[in-house]
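Following: one structure in structure tokens, then a few remarks.
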Amino acid sequence: MAESNDSVFVDVEKIYLGGKEHHVRTGCGSVSVIVYGDQDKPALITYPDLALNYMSCFQGLFFCPEVASLLVHNFCIYHISPPGHELGAAPISPDDPLPSVDDLADQIIEVLNYFGLGAVMCMGVTAGAYILTLFAMKYRQRVLGLILVSPLCKTPSWTEWLYNKVMSNLLYFYGMCGLLKEFLLQRYFSKDVRGSAEVPESDIAQACRGLLDERQGINVLRFLQAINQRPDITSGLKKLRCRTLVFVGDNSPFHSEALHMITKLDQRYSALVEVQACGSMVTEEQPHAMLLPMEYFFMGYGLYRPCQLSDSPRSPLSPSCISPELLSPESMGLKLKPIKTRVSLEG
């Protein structure tokens, strides 16, 4: 069985690394889209958090074999990068107009039209979750479902606004300096991952720090300024009719915002998963925690994970691990460490 698991990981990795980059010209500049998988399958759109792209925000999730098999089996993945956040991006000219969050949401519809896509599944992290939620409000017919990780929906709190202003000044005067990266790592990860005087920094934080070195400060500043001027979209949440699955780490700086958001969504179509001992970026810090809730979420769309992986000893979806009551249509709630859930999801 171990041999079979190893071969699965290699196959998933080949699919993941075999993506093709497209540069889509939009009314608000060019945007990079990395496409993985069979384009005849339903589309899953991803959008990362501030200063990140698909590599630094979603590789943990897609390198997790069970999660990757669930996603790649059911979807063609379209990783959208915020303008100038793609690998090898050049600095954006200071003369180019600054995009608003509405501009960034409108870019997504242009990407969908470029690829000839209809309704899509969306997955976003923090700032990216805000952009995709705004997109879902503006273009409701084009969104099948939302998977939001540590999402934002209100205007910045005073604390976040102050942090963002400090980061803006650092970006303007010093670029991607060491202090700025510390601020960003605090945004993304729990203290355990970031390390301390007693505990060394984790491999995840080290890898992210290295990938941040590749960002152009001016490009990150432009995205940060758009996010720091975002409007409150709470009032529009009830109008969403797509299913919404919200993940948040209980150590995330945006934990209270996610709890606020879930109370404003239609309870018939939304579910909350709180991940213990985790920061904002659940996709990197605890990607396994997303597997079971996503599996049940996708069941509502008639999607499933390929059965040849279901007997993997590393998979929490082995039949012996699922109690019969979890298969009842009323419950998507999973009391499974390190997850605690508060769920209300109906057919």
Tyr139-Phe135 aromatic ring centre distance below 6.0 Å: yes

Interatomic distance, Leu212 atom CG to Leu185 atom CG [nearest 0.5 angstrom]: 6.0 Å

Within-4.5 Å side-chain heavy-atom neighbours: Glu257 and Pro151: no

Met123 and Leu44, any side-chain heavy atoms less than 4.5 Å apart: yes

Between Thr234 and Asp232, a side-chain donor and acceptor under 3.5 Å: yes

hydrophobic_cluster_shared for Leu224 and Tyr174, side chain cutoff 4.5 Å: yes

Euclidean distance, Arg194 CZ relative to Glu285 CD, rounded to 0.5 Å: 9.0 Å

Met281 and Cys57, any side-chain heavy atoms less than 4.5 Å apart: yes

Heavy-atom pair of closest approach, residues Asp49 and Tyr188: OD2-CE2, 3.6 Å

Salt bridge (charged side-chain N to carboxylate O under 4.0 Å, His left out) between Asp213 and Lys181, intermediate numbers included: CA-CA 9 Å; Asp213 283 332; Lys181 285 186 277 188; 2.3 Å; yes

Positive for side chain to side chain contact (heavy atoms under 4.5 Å, CB included) with Leu171, one of Val166, Asn219, Leu180: Leu180

Residue pair Ser280 / Ser252, side-chain donor-acceptor N/O under 3.5 Å: yes

Flag side-chain contact, heavy atom, 4.5 Å: Glu160 against Phe254: yes

Steps toward side chain to side chain donor-acceptor pair (under 3.5 Å) verdict (Gln229, Ser100): CA-CA 8 Å; Gln229 294 170 17; Ser100 67; over 6 Å; no

Whether Tyr54 and His79 hold their rings parallel, tilted or perpendicular, with breakpoints at 30° and 60°: parallel

Any Lys239 side-chain heavy atom under 4.5 Å of Met137 side chain: no

Non-hydrogen side-chain atoms of Val143 and Cys242 separated by less than 4.5 Å: yes

Aromatic ring proximity Phe58/Phe63, centre distance under 6.0 Å: no

Ring centers of Phe115, His22 separated by less than 6.0 Å: yes

Minimum-distance pair of heavy atoms, taken over all atoms of Pro48 and Ile80: CD-O, 3.2 Å

CZ (Arg140) with more than 12 external heavy atoms under 6.0 Å: no

Side-chain heavy-atom pair Gln186, Tyr163 within 4.5 angstrom cut-off: yes

Nearest atoms (heavy-atom pairs only) where Leu144 meets Tyr301: O-OH, 3.0 Å

Rounded distance [0.5 Å steps], OH in Tyr47 versus OH in Tyr130: 12.5 Å

Atom pair OH (Tyr78) and CD1 (Ile108), whose distance is rounded to the nearest 0.5 Å: 14.5 Å

Basic-acidic side-chain contact under 4.0 Å: Glu201, Arg209: yes

Residues, nucleotides or ligands: over 12 heavy atoms within 6.0 Å of Lys191 NZ: no

Within the 6.0 Å centroid threshold, strictly below: His73 and Tyr304: yes

Residues forming a salt bridge (Lys or Arg N to Asp or Glu O under 4.0 Å) with Arg142, sequence neighbours excluded: none

Verdict with reasoning, Gln225 to Ser168, per side chain to side chain donor-acceptor pair (under 3.5 Å): CA-CA 8 Å; Gln225 288 173 325; Ser168 294; 5.4 Å; no

Side chains of His255 and Glu274, donor plus acceptor under 3.5 Å: yes

Glu214 side chain reached by Met176 side chain, heavy atoms, under 4.5 Å: no

Heavy-atom pair of closest approach, residues Ser32 and Glu21: OG-OE2, 2.6 Å

Greater than 12 external heavy atoms within 6.0 Å of Lys165's NZ: no

Nearest atoms (heavy-atom pairs only) where Val282 meets Gly249: CG2-N, 3.9 Å

Rounded distance [0.5 Å steps], OG in Ser30 versus CD in Gln107: 8.5 Å

